[in-house]
Asks: 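First the structure, which I've put down as structure tokens, then a few questions once you've had a look.
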Amino acid sequence: MIKSQVKAIVDRFFEEGVSSSLWSDRLRDRYSVEVPKHQGQGDFATNLAMVGAGIEKCNPRELAARFIELAGEDHPVIERWEIAGPGFINIFLKKSIWTTILAEINRQGEGFGLSRQGQGKRVLVEFVSANPTGPLSVGHGRNAIIGDSVARLLEATGFQVHREYYFNDAGRQMRVLGESTRARYLEELELEHQFPEDGYQGSYITDIADQLVQESGAELKDAPVEFFKEKAKEAIFADIDATLKRIGIAFDSYFNEHTLYEDGLIDDVVQSLKDQDLVYEQEGAVWFKTSALGLEQDRVIIKSSGEPTYRLPDIAYHREKFKRGFDWMINVFGSDHIATVPDVLAGVRALGYDDELITVILYQFVTLLRGGKQVKMSTRKATFVTIDELVDEVGVDALRFFFLMRKPDSQLEFDLDLAKKQSQENPVYYVQYGHARLCSIQRQAAEQGVSLDFSREVELGLLDQEEEYHLLKTMADYPGLVADAATDLAPHRLIFFLMELAGNFHSYYNKHKVLSDDRELSAARLYLCHCVKTVLKNGLTLLGITAPERM
RNA sequence: GCGCCAGUAGCUCAGUUGGAUAGAGCAACGGCCUUCUAAGCCGUAGGCCGGGGGUUCGAAUCCUCCCUGGCGCGCCA
């Protein structure tokens, strides 16, 4: 916000310099305005002179001097310019500029930080997409939170977002699920049964069987596996939905892989590929000639049994996404799916679509830590930890916060003991506590009869403390940060921002009294606090985390 | 063997897409509550940014070769 103002000022002087032949226009758009790392290096800095020196083959500091001379001394926004280091131009703003952000925050309220950069663009976020073979586990949890947070970020920046869950309730996995359920059912009735060798051993299967016994007694003992499969699917989906709802996630649509078959879309894809000579038969199977599309090896798309492999419906599904007219399609996958991505993209390309419109977020694995030791998990033995158990233990806020503390590319260590702690070590509380403290100050002010109406005149010049200046600068960064986090699909940056802002506030709180006998000063500081509270709350809400008023 | 991801303080991780003197939290040590919430703050200590080479005014960041860990490389999804 303020940064873009400064960039505009630098741009204007740059153009003036071009007109006066101080430097050439080859430099245009090559330089940037950044926030310097250290204090004393100004509010902003530009590398214009250094980049320019490289192009013009001259001394960067000399070029910087020319720039500063051109810019002159008298300016409504800039206090002074300074040449530093190898040739940076450090830019010091008038202090009063920073307080202008307060009116902006106050005016926009909940809308502060939102933008329109994605306006008019429709984006599909496909995530979770777990098949209904069991409750959502920790790995799905990271998927769900990343996907939903990315969706929220995109919404915040003006995209029209559609959340979709893709699933498959046919195939071998599901058959085994039906068999497992039937076996448990018969077991309950103490009838003869055989539990499948690779069956699902989780206790949730027994729960479903129990339910069936209670509802129908022994009536179902001759019912086909298909029946049990359907029952299990319904129960498990209901369970998954409840879990998602609990952690604040709702989908706009569920896409059943099966519809692709019913609508003939699978055959259609095969035909299209055939037409392009990208398909051949070998040993009874149908192969996709991915090697002709620059990949390492060809892949089977239809097994000799006649069943397609996952690749084929995946390609068909993605073609449907394109047909539905999305401008951007985002998939959230665990890194174990890494091998499947290139094949699907190659298929999409072969069908004539631009695979650049698809972005795949591959997140690394989650390990749970309890008592400093890794919790061993195995899907087969059903010793996995479910999201529900996790929420029972640490709550929704900590769950969301912890899953977002790392970028997707990094493996994530989820420390249960830390997430549970209601103490200073827990970063969730650190941020939330900041918000609660701000609310407390406002309550106090209200009790003292101090006005919380900031539309009237407040003497902003009184906000001249170092810590106040930090808060203002940090808050001014917020809209740009949200915008960048959205385009880069990086919700973790927002987490780090919130910790920084909360930290700035805690320091301020401990050093300066907001409420005092000085009514003017109190009013100014209350105004500042009001804005900090707004930004903290906006950021937390954006990530689906609550901002408590008391703790 | 090949592909992708990671390797930064004792631990867990950021690092604004190539910028200045390397950052946070936790752990350690030392301080701060008769004053708006101590779920907080202040200070100290802690570094061959995995290693070598290269690119340039400038590298944790880009290229290359190694080392270590994770995930894959299926007519499973």
Asks: Name every residue in residues 437-446 of chain A that has at least one heavy atom under 4.0 Å from any atom of RNA chain B, in order of residue number, or write none if there are no such residues.
Replies: A/Arg437, A/Ser440, A/Ile441, A/Gln444
Asks: What does A/Ala53 touch in the nucleic acid at a heavy-atom separation under 4.0 angstrom: a base, only the sugar-phosphate, or nothing?
Replies: nothing
Asks: Taking the C1' atom of each, how far is B/rC73 from B/rU12, in whole Å?
Replies: 31 Å
Asks: At under 4.0 Å between heavy atoms, which parts of nucleotides 71-77 of chain B does protein reach? Answer with one letter per nucleotide, 5' to 3': B base, S sugar-phosphate only, - none.
Replies: SSSSBSB
Asks: Quick one, A/Phe167 with A/Phe237, criterion ring pair (Phe, Tyr, Trp, His ring centres under 6.0 Å). Give me CA distance, side-chain angles, the key distance, then yes/no.
Replies: CA-CA 11 Å; A/Phe167 70 100; A/Phe237 251 133; 4.8 Å; yes
Asks: Output yes when at least one side-chain N/O atom of A/Tyr478 is less than 4.0 Å from OP1 or OP2 of B/rU16, else no.
Replies: no
Asks: Output all residues satisfying ring-ring contact (aromatic ring centres under 6.0 Å, His included) with A/Phe414, sequence neighbours left out; order by chain, then residue number.
Replies: A/Phe402, A/Phe403
Asks: Looking at A/Asn47 and B/rA20, is any side-chain donor or acceptor paired with a base atom of the opposite kind under 3.5 Å?
Replies: no
Asks: Touch check for A/Phe496, heavy atoms < 4.0 angstrom, all strands: base, sugar-phosphate only, or nothing?
Replies: sugar-phosphate
Asks: List, one per line, each side-chain donor-acceptor pair under 3.5 Å for residues 480-492 of chain A, sequence neighbours excluded.
Replies:
unit_1, atom_1, unit_2, atom_2, d
A/Thr487, OG1, A/Ala483, O, 3.1
A/Thr487, OG1, A/Asp484, O, 3.1
A/Asp488, OD2, A/Arg493, NH1, 3.1
A/Asp488, OD2, A/Arg493, NH2, 3.0

Asks: Within the pair A/His38 and B/rG23, is there a side-chain N or O less than 4.0 Å away from OP1 or OP2?
Replies: yes
Asks: In residues 506-530 of chain A, which ones come under 4.0 Å of RNA chain B, going by heavy atoms?
Replies: A/His506, A/Ser507, A/Tyr509, A/Asn510, A/His512, A/Lys513, A/Val514, A/Leu515
Asks: Quick check: on RNA chain B, is the nucleotide nearest A/His492 upstream (toward 5') of the one nearest A/Ala502, or the reverse? Name the residue that is more 5'.
Replies: A/His492
Asks: Name the pairing partner of B/rG18, where a pair is Watson-Crick or G-U wobble with both distances under 3.5 Å, or state none.
Replies: none
Asks: Of all residues at least two apart in sequence or in a different chain, which pass the ring-ring contact (aromatic ring centres under 6.0 Å, His included) check with A/His258?
Replies: none
